[in-house]
Every structure is written in structure tokens, then in C-alpha cells.
Number of protein chains: 2
Amino acid sequence: MAISSADERRASARSAYLMSMASCPTHRVLDRLGDRWVSLILKELADGPRRHGELARVIAGATQKMLTQTLRALQRDGLVARSVTDSVPPRVEYRLTPLGESLLPVMAMVAEWAERHIGDINTARATYDSALSG
Amino acid sequence: MAISSADERRASARSAYLMSMASCPTHRVLDRLGDRWVSLILKELADGPRRHGELARVIAGATQKMLTQTLRALQRDGLVARSVTDSVPPRVEYRLTPLGESLLPVMAMVAEWAERHIGDINTARATYDSALSG
DNA sequence: CCGTATCCACCATGATACTG
DNA sequence: CAGTATCATGGTGGATACGG
């Protein structure tokens, strides 16, 4: 079948993005940290190992699918380790790896900035929004 | 019309997520920084003001729509200021606000961590992936 | 030059049901 | 208890054309 030029352009835009993603570590890391549940999971695991079910309870908004999926991604990137105690019922525990722990100071700095400036952001938004309607 | 319980559960999951988003500054900030083009734009603007067209050229993968949309979001959050010189053709310039500049050290820390550890991440991925096929 | 509106494809996520 | 498979859908982003 013929490949339309629209498809080609679409593909080229996508690959340009993917290449930039692949080549920029910062971009890749922020992409991962920006995933919906990552910061919540990291925050939980910062306090110590957690069972799957514990995470599921604490991170109530996430479906089991998303929880497992996100944990797999973190595990694949070497930030989280998964260990299974083979019993009935099975006991699956997740913990930060040393690499994952090395990320905590970074997360802490982001958190500190966020908490210090979230008020400014809210103010800016209110100003911006009211400027539109006013 | 009747609202099915599936719809209710869907809505409740969504709102649970949105509430957690609304209440957690860190989550909100990471969500913004995780947006496709934000880190690239901030990186550009860190060097000084840029015209719209300059940004479009440097950030080649982004469509004009996404560029404008992302800049608007940053402007709304008070991280970026937009100034128009009303001439023909119009000249639109974007620059970091003080708030935006206060974010640069945070970005720098993320970048430093990313560059230092991207090799570890790649190694972890290779190990993980080969463990699946092997 | 800069921005917006429209249309549409894709994919990330959620619901759900099922396995060990 | 933990994980997987399948299906549906809504939102995100891309292409495109037009307006100021």
C-alpha cells in the first residue's frame, strides 16, 4: 500500500522527538519522573520496602495494572528492586536500589522548590486566568 | 439517563487522581516539567530571551501548536513572560521570570544526576531486557 | 511573524475478568 | 496476594488551513 506524505511527515516528527528523547538524559529522566505515579511510588519507597498491596492501598488512585506497570518501568531502569518470597500467598516486596536512593536528594530539591513556590504558581494562574475574563 | 456504576467508578478513579494532583505541589511541578517540550524550552530560555521563531527553529521536533501551547502553560504558571513588540511583522519575545529562573538550579541538579547516572540506567535496561529473552 | 481552530490518529489508562 | 490479558475510551499531540 502507498504511504501518504502525511504519514511520512507524522513519522518524521515522531522520530525527531524520539531521537531527542534518546539523546538527552535530562529529558529522559524528567519523562520518567513525570509519569503519573512515579513520584508517589518513590515517596513511599523512600521510607523503606513496601509490599505490592501496601502500595496499592496507599496510592489509592492507581489501578493495579498501572501500579505494576509503573513498578516494572522503575525496575527496568534500575531504580527499584523487586523480590518475591515464594509462599502461599506470595509476598512481593519492592525497595529502592542504591541508584534509586541516589535520586532522593534530587526529588527532595524538587519537592522543596515546589512547596516553596506553589503559592506563586497559584497566584500567577489566578492572575492569568482573571486577565482573560476581565 | 442512568449513570452506570462503571461510569461512577471511572469518575471516582479520575477524581481521586486529580485531587492527589491538586494537593501535591511536587506532583504538580513534576507533571509540568515532564511535559514533552518544557525542559527544552527552559533550557533555551536559560541563556536569555528568545523570539518565538528562534524557539521554533531550535526545538525542531515541536509543532507550532505545541510550542505555543507549552509556552502558554509556562506563562500561566508564571515561569515565563511574553512580550509583544507591536510592529509589522509582530515580534514576540519569551523570557524567564524570576520564578522561572529560581527553577534553574533545580533543573541543573536533575540534569547533573541524569548525566551522571544515565549509563547506569542504560545498563539496567539492557540487563533487564536480556533477562527476559535469555 | 505569530497565533488559533479544526480534524483525526494514536496510545496511555481504566475497567474487567481470569490465572497461579 | 500478585500479575496478566483483553477491550474500550478519552485525551494528547500532529497535520493543516486560516486570521491578524
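First the proteins, then the strands, lettered A, B, ... as listed; each starts at 1. Since the structure is predicted, the reported quantities are computational estimates derived from the model, not experimental observations.
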[X] [atom1] to [N] [atom2]: how many Å, rounded?
{"X": "A:L55", "N": "D:dG3", "atom1": "CG", "atom2": "P", "result": "10 Å"}
{"X": "A:Q69", "N": "C:dA12", "atom1": "CD", "atom2": "C1'", "result": "8 Å"}
{"X": "A:D35", "N": "C:dT13", "atom1": "CG", "atom2": "P", "result": "6 Å"}
{"X": "A:R50", "N": "D:dC1", "atom1": "CZ", "atom2": "P", "result": "17 Å"}
{"X": "A:K65", "N": "C:dT16", "atom1": "NZ", "atom2": "C1'", "result": "11 Å"}
{"X": "A:H52", "N": "D:dG3", "atom1": "NE2", "atom2": "C1'", "result": "7 Å"}
{"X": "A:L71", "N": "D:dG3", "atom1": "CG", "atom2": "C1'", "result": "12 Å"}
{"X": "A:D86", "N": "D:dC1", "atom1": "CG", "atom2": "P", "result": "16 Å"}

Nearest to the side chain of [X], which nucleotide is it out of [options]?
{"X": "B:V92", "options": "C:dG3, D:dA15, D:dT6", "result": "C:dG3"}
{"X": "B:Y94", "options": "C:dC1, D:dG3, C:dG3", "result": "C:dG3"}
{"X": "A:M66", "options": "D:dG13, C:dG3, C:dG14", "result": "C:dG14"}

Position toward the 5' end of DNA chain C (nearest nucleotide), A:P90 or A:A62:
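Residue closer to the 5' terminus by nearest nucleotide: A:A62.
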If only side-chain N and O atoms of [X] are considered, is one of them under 4.0 Å from the OP1 or OP2 phosphate oxygen of [N]?
{"X": "A:R72", "N": "D:dG3", "result": "yes"}
{"X": "B:R51", "N": "C:dC2", "result": "yes"}
{"X": "B:T63", "N": "D:dG14", "result": "yes"}
{"X": "B:R57", "N": "C:dC2", "result": "no"}
{"X": "A:R36", "N": "C:dG14", "result": "yes"}
{"X": "B:Q64", "N": "C:dC2", "result": "no"}

Is there side-chain contact between [X] and [Y], with at least one heavy-atom pair below 4.5 Å?
{"X": "A:E44", "Y": "A:I41", "result": "no"}
{"X": "B:V110", "Y": "A:M109", "result": "no"}
{"X": "A:L71", "Y": "A:L55", "result": "yes"}

Could you label the plane-to-plane angle of the B:Y94 and B:H52 rings as parallel, tilted or perpendicular, counting under 30° as parallel and over 60° as perpendicular?
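Taking B:H52 first and then B:Y94, their aromatic rings sit tilted (interplane angle of 30° to 60°).
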Answer yes when B:D31 and B:R28 have at least one side-chain N-carboxylate O distance shorter than 4.0 Å, and no when they do not.
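No, B:D31 and B:R28 are not salt-bridged.
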